[in-house]
Asker: 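The following block contains the structure, expressed as structure tokens.
Residue numbering restarts at 1 for every chain, and letters A, B, ... go by the order of the sequence lines.
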Amino acid sequence: MTTDDARTLIDDVLREIAPGMDDPAGLAADADIRDALELDSLDFLNFVEALSKRTGRRIDEDDYPELATPGGTAAYLTGQEAGRG
Amino acid sequence: MAEFRMPALGADMDEGTVTEWLVHPGDEVTRGTIAAIVETDKSTIEAECFTPGTVGTLLIQEGTKVPVGTPLATILEPGAVPETAPVAAMPPRTGRGSEAREGAEREGGAPETVPRGPGVPEPVKVEPGRTEPGEPAVEPARPEPVRVRPRPKRVRPASGKPAPARPAAVSSPLVRRLARERGVPLARLHGTGPDGTITRGDVERASPGRVRASPYARRLAAEARVDLAALPVSAPDGALHAADVRAATTTPGPRAQRTTPPAAPASTESAPGPASAEAPALGAATAAPTRAAQEAPTAAAPGNPRAAPAEADKDAAMRRAIGRAMARSKREIPHYYLSATIDLTRALAWMREHNRRAAVSDRLVPSALLLKAAALALRTEPALNGTWADDRFVPGDGIHLGVAIALRHGGLIAPALRHADALALPDLMHGLRDLVERTRRGRLRGSELTDGTITVTNLGDQGVDAVYGVIYPPQVALVGFGRVAERPWAVDGMLGVRPLVTATLSADHRATDGYTGGRYLQAVARLLQRPEDL
């Protein structure tokens, strides 16, 4: 998975869990996802759950801080893939 | 005869709009059957009927806004045949005093549904209330029947001669229509209803392989991307109802089906039935699964301009509704306020351990622990759990937490998490996620808006330290949780850094005194020190 692929996936998931909010594709790579899209803790859990399902990967709670921004999430997803590949 | 009335769905509701009927004349309803979709100033609600029986006449057409308490439909004895049934089986009479018309006159605007003109050669099926919003109500000049379904000629067994008045004793015109749509020859059916009449179930049994489902069940299935044909039917009428779809989509988790790849929308399957008229609506709702949550109510009634006011109007209506309830609260309820700071070290450590082992879908958030503690503590302080009515406290019939849920574009709704004190944490968590999801999609049931016995608001995600809420009348207390944050805290004579939360209580001084409120907050704090027992 490339960084662009990851970002597309992230944006898709965000659109799904926070419908009607600003288009996530417009978020800067270092924007705080929760603040920008006004996600509460349940929304964020939905975000993690959807990412986990789409990628087939387990995402631990300890990893949540890495998912704070689109860039961080993309790095997390691609980095993990490279590490396991 | 009983009536299904516009329900009062909370202190902030004066009137509501029936945007969609989910039952029709002749349908059996039981306690809790979702009879209509009602739009209020705040949300779109599934309105339940609490009188078991048979739907007689729909008195209000879709798109009509009426005050709380207005009769919406008549409910006949269980098994009764709506008045429209014999009409459909006999030549029409003009000027008959049907309930539909009485209702129409009483409500001043329901449609005329009686066939008009003497030249109608055949029985005509009438479906009161099943009209398209926005159509002119009556056009007396037209010789043709107004707003009637296709004539039943094609229904009749092909006999080559003029159809007899009663080719088969059928319990309702809907059954006749169902038979036509299924291609089931009525003459061959064996009626199991009263006096050997053919019932809907008889037609269902004679037409295997087809899925009959309520329009709402179809929509739910489409949203959840569930194949209707794969679902078990629980109702005796052989049709899939929303409850069946829910049963299939809420286990194991409310989101179980959410992220499956989009399948062909359920609306494309060829399953004609009473639902067929709603197929376009379903398609419209399905076509935009990612539309804004605030637009969901609009999606419930496409093509109905009255049900889709501009966003600004809706926001204004939401503010007015909240304003009414909160002004009443501040006017009538003498609030007192208490707060307590609670150390969450143990609770959060326990939660992290739980989440480490759990699948993502079973993970907990701190809110779930706080809600559970708030619910359990009410067991020892029941005076805070209930409502104030007629100058006295009425204890709640259970501990049903109204959970304040912010809508994405402003406003809030506090639907009830029923018997929250008895829910295991994972169940409470699922219930909470389901409630939030449905609140934002406009899929709450009416009872969920009225069952709350206390409200809990958690503004921790917004970063506030504490929230002193306004009680939602007629409840007598509101619990608030602020942000969980690490702060200096004295432990065993030493200064430590601990995750703390400020819990607050706003309570009605008519029902309790500060002493009771203080004991309650202490109980919440104590419970959170034993998270394994929550």
Asker: Which bit of B:Ser367 comes within less than 4.5 Å of chain A, counting heavy atoms only: side chain, backbone, both or neither?
Answerer: side chain

Asker: How long is the straight-line distance from CG of A:Leu42 back to CG of B:Asp434, given to the nearest 0.5 Å?
Answerer: 11.5 Å

Asker: Run B:Leu364 and A:Glu61 through side chain to side chain contact (heavy atoms under 4.5 Å, CB included) and show every step you take.
Answerer: CA-CA 10 Å; B:Leu364 304 173; A:Glu61 201 173 44; over 6 Å; no

Asker: Considering only NZ, NE, NH1 and NH2 on the basic side and carboxylate oxygens on the acidic side, decide whether A:Asp62 and B:Arg356 come within less than 4.0 Å.
Answerer: yes

Asker: Just checking heavy atoms, which of residues 29-37 of chain A are less than 4.5 Å from chain B?
Answerer: none

Asker: Check each atom of A:Ser52 against the heavy atoms of chain B and say whether the ones under 4.5 Å are side chain, backbone, both or neither.
Answerer: side chain

Asker: Can you give me the closest heavy-atom contact between B:Arg440 and A:Asp40, atom names plus distance?
Answerer: NH2-OD2, 3.3 Å

Asker: How far does CD of B:Glu437 sit from CG of A:Asn46, to the nearest 0.5 angstrom?
Answerer: 7.5 Å

Asker: Where do B:Ala359 and A:Arg58 come nearest, in terms of heavy atoms and distance?
Answerer: CA-NH1, 4.5 Å

Asker: Just wondering, are more than 12 heavy atoms of other shown residues or ligands nearer than 6.0 Å to CZ in B:Arg346?
Answerer: no

Asker: Hey, mind stepping through A:Lys53 and B:Val360 against side chain to side chain contact (heavy atoms under 4.5 Å, CB included) and telling me if it holds?
Answerer: CA-CA 9 Å; A:Lys53 273 191 181 160; B:Val360 187; over 6 Å; no

Asker: Given heavy-atom pairs under 4.5 angstrom as the criterion, report whether the side chain, backbone, both or neither of B:Ala358 touches chain A.
Answerer: backbone

